[in-house]
Amino acid sequence: MDSQTCHLTITTSTATAVAHTLLLLIQDDPTNPCSKIEAANEIRRLTKTSQRCRRQFSAAIKPLVSMLRSSSPEANEAALLALLNLAVKDETNKITIVEAGALEPIVGFLQSDNSTMQEHAAAALVTLSASPVKKSAVGASGVIPFLLKIINHGSPQAKMDAIVALSNLSTEPDNLSLILQSHPIPTLTNILKTCKKSSKISERCISLLETLVDYEEGRVSLTSEDGGILAVVEVLESGTHQSREHAVGTLLTMCQIDRGKYREPILKEGVIPGLLELTVQGTPNSRTKAHTLLRLLRESPYRRTELEADTLEDILSNIISQIDGDEQSGNAKKMLADMVQVSMEQSLRHLQERAFVCTPCDLPICASEVSLK
């Protein structure tokens, strides 16, 4: 056996011995709580970056969950952080943690006056709520109203984690009903109104809002909330590419479900300039959604055949003529002019590229008839 193989064998053997010792220390022994806390802290350290250690220490989950119910705040924190690291990127450990009864004490920590424990609990719920198998169990634990309270009153990190946890839970239909019953729209729109529109928290909020407006309760709540639709429009104008896509998707969903009910409230908040910009500068999905929404916002409700279809300029001219207020109308007209200019420039570049790669016989007979849309 060479020295390198020998060293590896000794290291593996040592690691196994350490794991065995820690698992013995973490077992229930009320006479020595300090040893259990030290063991939990060491398990937390070892499982922070090692998937192998997460598998190795899965047997520690049940005693760690028992420590969550200890009267010692120090034991609670050490156990919660160890469980958090054990759950990261390990679906089996997530399932075991939930089945061991961890949700009840974690939801309790979420209600704690201790902001540090609130943050740890929110972080743990982000990880556990990512489990496809246990989403329903997490949602049914009663955690959703407390996540919303954290979004309203928690620390910046706890707020972000609470929104991510809600987003994770919202992919389960049963959880969506529970979320809507907790009246989340005022909380989410308040975040959108007060945070930076290009922030990650804004992106998470508008993504969840897009999901919620699929339901009547969500749409009614958004339109009833003072400045609710305006908050969405502002994200559409100033958010990240992804946020803007969710924002236009939110308004499009509302208009597609009930154009007659939501067309005026959306137009009233000055959405046209932002939509025009998206038709030129948005992601491919944003452009498609913006074009569709603009067609829904036009006055004429009837469908037209492809041969009769209006150009985007015609649609916008129709909408602009109905907008109240000189400033909004002027902004929309300026955006329309800019959009047409950019569209013409893009079409010209496209023709130049085609001319560069095509032979003369490949070129259109009359290039001046190419549509500038």
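Just so it is clear, the values below take in all heavy atoms, side chains as well, and ignore hydrogens, waters and symmetry mates.
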Novice: Under the salt bridge (Lys or Arg N to Asp or Glu O under 4.0 Å) test, which residues partner Lys159, sequence neighbours left out?
Specialist: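 So Lys159 forms no salt bridge (Lys or Arg N to Asp or Glu O under 4.0 Å) with any residue.
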
Novice: Mind checking salt bridge (Lys or Arg N to Asp or Glu O under 4.0 Å) for Arg54 and listing every partner two or more places apart, or none if nothing turns up?
Specialist: none

Novice: We want to know whether Thr187 and Asn152 form a side-chain donor-acceptor pair, criterion being a heavy-atom distance below 3.5 angstrom.
Specialist: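 Checked: Thr187/Asn152 side chains pair up, N/O donor to acceptor below 3.5 Å.
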
Novice: What is the minimum heavy-atom distance between Gly101 and Val65, and which atoms define it?
Specialist: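 Smallest heavy-atom distance, with atoms named: C-CG1, 3.9 Å.
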
Novice: Tell me, yes or no, whether the heavy-atom count around Arg219 atom CZ, taken from other residues, nucleotides or ligands under 6.0 Å, exceeds 12.
Specialist: yes

Novice: Looking at every non-hydrogen atom in both residues, tell me the closest pair between Pro145 and Ser182 and how far apart they are.
Specialist: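 It is CG-OG, 3.8 Å.
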
Novice: Using a strict threshold of under 4.0 Å (side-chain N to carboxylate O), is an ion pair present between Glu99 and Lys134?
Specialist: yes

Novice: Any luck finding a side-chain donor-acceptor pair between Glu119 and Ser155 under 3.5 Å?
Specialist: yes

Novice: Is Lys261 salt-bridged to Glu216, cutoff N-O under 4.0 Å?
Specialist: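 Here Lys261 pairs with Glu216 in a salt bridge, since their nearest N and O are under 4.0 Å apart.
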
Novice: State, to 0.1 Å, how close Ile150 and Leu110 come at their nearest heavy-atom pair, and which atoms those are.
Specialist: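 Distance-wise, the nearest heavy atoms are CD1-O, 3.6 Å.
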
Novice: Indicate, with yes or no, if Ile26 and Leu84 share a hydrophobic cluster defined by side-chain heavy-atom contacts under 4.5 Å among Ile, Leu, Val, Met, Phe, Trp and Tyr.
Specialist: no

Novice: Between CD1 of Ile257 and OH of Tyr215, what distance do you get to the nearest 0.5 Å?
Specialist: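 Interatomic distance, Ile257 CD1 to Tyr215 OH, rounded to 0.5 Å: 10.5 Å.
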
Novice: Starting at CD1 of Ile163, measure out to OG of Ser170 and round the result to the nearest 0.5 Å.
Specialist: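 Here the rounded value is 12.0 Å.
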
Novice: Taking the side chain as everything from C-beta on, heavy atoms only, tell me whether Ile229 gets closer than 4.5 Å to Thr189.
Specialist: no

Novice: Among Ile, Leu, Val, Met, Phe, Trp and Tyr joined by side-chain contacts under 4.5 Å, find the other residues sharing a cluster with Ile95 and list them by chain and number.
Specialist: Val133

Novice: Can you get from Val88 to Val98 by hopping between Ile, Leu, Val, Met, Phe, Trp and Tyr side chains that sit under 4.5 Å apart?
Specialist: no

Novice: Let me confirm one number: the CG-CG distance from Leu128 to Leu103, rounded to the nearest 0.5 Å.
Specialist: 6.5 Å

Novice: With a 4.5 Å cut-off on side-chain heavy atoms, are Gln256 and Thr292 touching?
Specialist: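 Yes, their side chains come closer than 4.5 Å.
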
Novice: For residues Leu86 and Ser58, report the shortest heavy-atom separation together with the two atoms involved.
Specialist: CD2-N, 4.5 Å

Novice: Within the 4.5 Å heavy-atom criterion, are His246 and Ser243 side-chain neighbours or not?
Specialist: no

Novice: With no hydrogens and no angle check, just 3.5 Å: does a side-chain donor-acceptor pair link Arg55 and Asn93?
Specialist: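 The answer is yes; a qualifying pair exists.
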
Novice: Mind checking what makes side-chain contact (heavy atoms from CB on, under 4.5 Å) contact with Gln181, not counting sequence neighbours?
Specialist: Ser177, Leu178

Novice: Check whether more than 12 heavy atoms from other residues, nucleotides or ligands sit under 6.0 Å from atom CD of Glu104, and answer yes or no.
Specialist: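 Atom CD in Glu104 is not packed in, count stays at 12 or less.
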
Novice: Please enumerate all residues that pass salt bridge (Lys or Arg N to Asp or Glu O under 4.0 Å) together with Arg45, with sequence neighbours excluded.
Specialist: Glu42

Novice: Which residue in the set Glu245, Lys289, His241 passes side chain to side chain donor-acceptor pair (under 3.5 Å) when paired with Thr283?
Specialist: Glu245

Novice: Find out whether Asn41 and Leu81 are in side-chain contact, i.e. whether some heavy atom of one side chain is under 4.5 Å from a heavy atom of the other.
Specialist: no

Novice: Out of curiosity, does Phe146 fall in the hydrophobic cluster containing Leu176 (side-chain heavy atoms, cut-off under 4.5 Å, transitive links)?
Specialist: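 The answer is yes; both residues are in one hydrophobic cluster.
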
Novice: With sequence neighbours excluded, tell me which residues meet salt bridge (Lys or Arg N to Asp or Glu O under 4.0 Å) with Glu203.
Specialist: Lys200

Novice: Looking only at heavy atoms, what is the nearest atom pair of Glu91 and Ser131, with distance?
Specialist: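 Minimum heavy-atom contact is OE2-OG, 2.6 Å.
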
Novice: Could you go through the side chain to side chain donor-acceptor pair (under 3.5 Å) check for Ser112 and Gln118 one step at a time?
Specialist: CA-CA 6 Å; Ser112 168; Gln118 278 188 0; over 6 Å; no

Novice: Measure the spacing between CG of Leu166 and CZ of Arg204 and express it to the nearest 0.5 Å.
Specialist: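 Answer rounded to 0.5 Å: 11.0 Å.
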
Novice: Quick one: are Pro184 and Ile151 in side-chain contact, heavy atoms under 4.5 Å?
Specialist: no

Novice: For atom NZ of Lys149, is the number of surrounding heavy atoms from other residues, nucleotides or ligands below 6.0 Å larger than 12?
Specialist: no

Novice: How close do Glu237 and Gly274 get, heavy atom to heavy atom, and via which atoms?
Specialist: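 Looking at all heavy atoms of both residues, the closest pair is CG-CA, 4.1 Å.
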
Novice: Hey, are Arg244 and Glu277 close enough for a salt bridge, meaning a charged N less than 4.0 Å from a carboxylate O?
Specialist: yes

